[in-house]
Amino acid sequence: MAAVVVQAIRARRPLTRYAAGTGAKPLLLARRLLPDRTFDALMAQVFGVRHKRGDHRTA
């Protein structure tokens, strides 16, 4: 993780995002390939977040 932070700090033109940590690259791939709702549902399941059925409120 620290190596990626150093890379970002030293970059002449830093990227918007850097993949760091276990599973970061597959997660970014899933984000790119899946529709928003599917990705959100996957993340909710991974983190154990539950919502009421039919509750589609946004922030």
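It should be emphasised that the depicted structure is a prediction, and the values quoted were computed from it without experimental measurement.
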Could you go through residues 3-12 and list every donor-acceptor pair under 3.5 Å that involves a side-chain atom there, pairing it with any protein atom two or more places apart or in another chain?
none

Please tabulate, one pair per line, all N/O donor-acceptor pairs under 3.5 Å involving side-chain atoms of residues 18-32, not counting sequence neighbours.
{"unit_1": "Tyr18", "atom_1": "OH", "unit_2": "Leu15", "atom_2": "N", "d": "3.0"}
{"unit_1": "Arg31", "atom_1": "NH1", "unit_2": "Asp36", "atom_2": "OD1", "d": "3.2"}
{"unit_1": "Arg31", "atom_1": "NH2", "unit_2": "Asp36", "atom_2": "OD1", "d": "2.7"}

For Val46, which residues count as a side chain to side chain contact (heavy atoms under 4.5 Å, CB included) partner, sequence neighbours excluded?
-> Leu42, Met43
Other than Met1, what residues sit in its cluster of Ile, Leu, Val, Met, Phe, Trp and Tyr side chains whose heavy atoms are under 4.5 Å apart, directly or through others?
-> none
